[in-house]
Number of protein chains: 2
Amino acid sequence: MTLLVGEHDVLRGPPQRKTRAEELRAQLADDIVRGALAPGQTLDEMDLARRFGVSRTPVREAIRQLAASGLVDTRPHRGAVVARPSHERILGMFEAMAELEALCAGKAAERMTPAERQTLETVHEELRVLIHSGDPQRYHEVNEAFHAAIYAGAHNDYLAEMTFATRTRVQPFRRAQFRLLGRLAKSHVEHDQVVEAILRGDRAGAFAAMHAHIITVGEEYEAYAKSL
Amino acid sequence: MTLLVGEHDVLRGPPQRKTRAEELRAQLADDIVRGALAPGQTLDEMDLARRFGVSRTPVREAIRQLAASGLVDTRPHRGAVVARPSHERILGMFEAMAELEALCAGKAAERMTPAERQTLETVHEELRVLIHSGDPQRYHEVNEAFHAAIYAGAHNDYLAEMTFATRTRVQPFRRAQFRLLGRLAKSHVEHDQVVEAILRGDRAGAFAAMHAHIITVGEEYEAYAKSL
DNA sequence: TGCCGCCGGATTGCATACAAAGGCAGGCGT
DNA sequence: ACGCCTGCCTTTGTATGCAATCCGGCGGCA
């Protein structure tokens with residue numbers, strides 16, 4: 001999941017990927033978020049160490065940091081597994097995400113600079129083109145950039161990081177929905193409401209539009225989960 | 001900072017304090033939040049290892065986890081220091097905390113069970129008595145319990161954890177205000193508004209009251225910070 | 001005199017070795 | 001036959017030693 005915004009945005013700070021532990025952390029986080037590592041899968045230290053050609057020490061550090069960020073669960077002397085939150089908890093995460101994203105959108109409506117508003121429009125327009133491209137991966141990347149632009153526009157780094165972290169933690173459970181190509185057009189209409197409200201500086205409107213957007217995303221997850 | 005709610009609440013899960021790394025993490029986090037370790041202070045691995053009578057390995061793990069939770073900053077090959085966020089960032093944290101706490105209060109107004117409402121009233125009443133006790137430490141503990149009760153009443157563990165984490169990260173920068181004993185009575189009046197709104201199931205009212213309460217807390221921090 | 005580069009010390013990052021705790025299977029007793 | 005206990009084995013937790021990187025001071029040079 002590579003954000004278009006690059007390596008220096010507020011969401012991760014300077015690129016510290018110089019130590020092996022940090023590289024591993026990034027790699028494992030990516031694998032979890034992308035679904036290459038399924039929830040519930042055990043993370044064997046020796047196995048990972050062999051696979052990445054390092055010793056157990058950096059592997060352990062990576063796992064601990066992932067545990068602190070909520071992507072994996074660890075229990076003393078019992079190893080680590082990719083986090084598998086309960087259905088209730090996932091719903092709670094969607095609820096929290098709706099509020100956080102809406103909050104960012106509301107603040108962005110008030111605080112975005114003209115340049116930031118223009119960037120948002122540009123990304124939004126790029127998404128519109130991508131609806132018909134048949135490239136879900138690319139759409140997903142630009143969609144992330146769209147939301148990241150709003151986080152940045154809120155001008156509150158702490159809030160932005162928290163919202164991004166929540167989005168990351170939810171990501172493993174909403175991968176399927178990008179298969180439903182019909183969703184993209186509807187999603188873009190919802191984005192439209194958000195962008196319009198932000199551009200006109202309408203805090204309440206941006207909040208409401210983004211809230212509805214994320215709630216819809218959550219409902220589609222729920223419908224998908226129920227179909228299993 | 002020991003919460004009254006005990007060791008099994010949702011805010012930390014089961015008591016895993018069996019490994020040395022975990023004990024150290026808890027100890028250091030406590031020292032940072034309580035101000036025994038000041039922001040900017042360097043955390044020397046060897047020094048800590050000697051002081052706690054362990055090797056560097058668990059010390060390193062503890063520091064990494066604290067870094068992931070935001071209480072310390074680390075840079076590769078350059079050691080770790082207790083986090084010293086910029087003034088702007090602290091204001092952002094207060095803003096986010098206001099929204100999160102208000103959100104919890106609003107959800108609590110809708111969702112609290114009768115038993116939870118009663119507990120909230122009890123804790124609130126205990127705080128009233130403590131205003132005049134002249135024991136700021138005790139007041140602080142019960143105050144934390146008050147807010148924790150509201151988090152729990154929101155019936156969203158993820159949201160509760162996020163809010164609690166934010167409160168924890170802000171804590172080092174609002175210690176001074178408990179010295180101002182005059183603040184306690186005003187704080188209790190604000191709590192009153194929150195409790196009343198929650199008890200009558202008034203989501204918007206609870207949200208607004210809690211939001212105002214936290215904003216006030218933030219403003220008092222700002223006034224204090226400016227006086228330095 | 002001031003700046004640049006090199007070198008030594010100190011600290012962190014990583015690897016390896018050892019200790020300890022949990023899980024499982026087999027055997028024993030009831 | 002079933003359940004419990006015990007001992008081994010696997011995996012994690014901790015200690016220690018070595019390598020790599022950063023910081024400060026020193027000396028050379030313009």
Side-chain angles (χ1 to χ4, degrees), chain A residues 7-8 12-29 31-32 37-84, chain B residues 7-8 12-29 31-32 37-84:
Chain A
E7 297 279 342
H8 277 84
R12 19 187 165 195
Q16 305 188 336
R17 307 206 185 172
K18 295 184 67 177
T19 73
R20 291 157 211 267
E22 180 57 24
E23 274 177 45
L24 258 88
R25 190 198 61 71
Q27 176 69 49
L28 291 174
D31 286 350
I32 292 172
L37 287 173
Q41 177 147 359
T42 72
L43 298 174
D44 187 86
E45 292 180 4
M46 289 246 243
D47 181 43
L48 289 171
R50 270 191 295 269
R51 204 145 58 200
F52 286 96
V54 298
S55 80
R56 280 177 52 218
T57 307
V59 172
R60 282 178 63 79
E61 288 199 0
I63 288 176
R64 290 317 181 90
Q65 299 207 207
L66 292 170
S69 78
L71 284 175
V72 315
D73 280 343
T74 70
R75 312 246 297 271
H77 298 284
R78 293 175 66 183
V81 299
V82 178
R84 190 168 55 182
Chain B
E7 297 281 342
H8 277 85
R12 17 187 167 196
Q16 307 188 332
R17 304 203 188 177
K18 296 182 66 177
T19 73
R20 292 156 209 263
E22 179 58 22
E23 274 177 45
L24 259 92
R25 189 197 60 73
Q27 176 70 50
L28 291 174
D31 287 349
I32 292 171
L37 287 173
Q41 177 146 358
T42 72
L43 298 174
D44 187 85
E45 293 179 2
M46 290 245 244
D47 181 44
L48 289 171
R50 272 191 294 269
R51 204 145 58 200
F52 287 96
V54 299
S55 80
R56 281 176 49 219
T57 308
V59 173
R60 282 178 63 79
E61 287 201 358
I63 288 176
R64 292 316 184 91
Q65 300 207 207
L66 291 170
S69 78
L71 283 175
V72 315
D73 280 344
T74 69
R75 313 250 294 272
H77 298 282
R78 292 175 66 184
V81 300
V82 178
R84 190 170 53 185

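First the proteins, then the strands, lettered A, B, ... as listed; each starts at 1.
- Sequence order on DNA chain C of the closest nucleotides to B:Gly79 and A:Gly53 puts B:Gly79 first from the 5' end.
- Neither OP1 nor OP2 of D:dT11 sits under 4.0 Å from any side-chain N or O of A:Arg78.
- Nucleotide D:dG13 holds its C1' atom 8 Å from the CZ atom of A:Arg64, rounded to whole Å.
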side-chain contact (heavy atoms from CB on, under 4.5 Å) between B:Leu37 and B:Val72, worked out = CA-CA 11 Å; B:Leu37 287 173; B:Val72 315; over 6 Å; no

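- Distances shorter than 4.0 Å separate some side-chain N or O of A:Lys18 from OP1 or OP2 on D:dC22.
- OP1 and OP2 of D:dT12 both lie 4.0 Å or more from every side-chain N or O belonging to A:Arg60.
- Judged by distance alone, the side chain of A:Ser55 and the main-chain N or O of A:Thr57 form a donor-acceptor pair under 3.5 Å.
- Side chain of A:Thr57, nearest nucleotide from C:dC14, C:dG22, C:dT12: C:dC14.
- Atom-to-atom, CE of A:Met46 to C1' of D:dT11 comes out at 7 Å; the value is rounded to the nearest Å.
- Contacts of B:Arg20 with the nucleic acid, taken as non-hydrogen atoms under 4.0 Å apart, involve only primed sugar atoms and P, OP1 or OP2.
- When the P atom of C:dT12 is taken as reference, atom CG of B:Leu48 falls 9 Å away, rounded to whole Å.
- For the pair A:Thr19 and B:Pro76, the tightest heavy-atom approach, listed with the atom from each and the gap, is CG2-CB, 3.9 Å.
- As rounded to whole Å, 14 Å separates atom P of C:dG13 from atom CD of A:Glu23.
- B:Glu61 places its CD atom 14 Å from the C1' atom of C:dC14, with the value rounded to the nearest Å.
- Between A:Arg56 atom CZ and C:dC14 atom C1' there is a gap of 13 Å when expressed in whole angstrom units.
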inquiry  = Set out, in order, the CA-CA distance, both residues' side-chain angles and the distance that settles side-chain contact (heavy atoms from CB on, under 4.5 Å) for A:Phe52 and A:Gln27, then state yes or no.
reply    = CA-CA 10 Å; A:Phe52 286 96; A:Gln27 176 69 49; 3.7 Å; yes

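- For the pair B:His77 NE2 and D:dT21 C1', the computed distance is 5 Å after rounding to whole Å.
- Between the CD atom of B:Gln65 and the CD atom of B:Glu22 there is a distance of 6.5 Å, given to the nearest 0.5 Å.
- What separates CD1 of B:Ile63 from P of C:dT12 is a distance of 8 Å, to the nearest Å.
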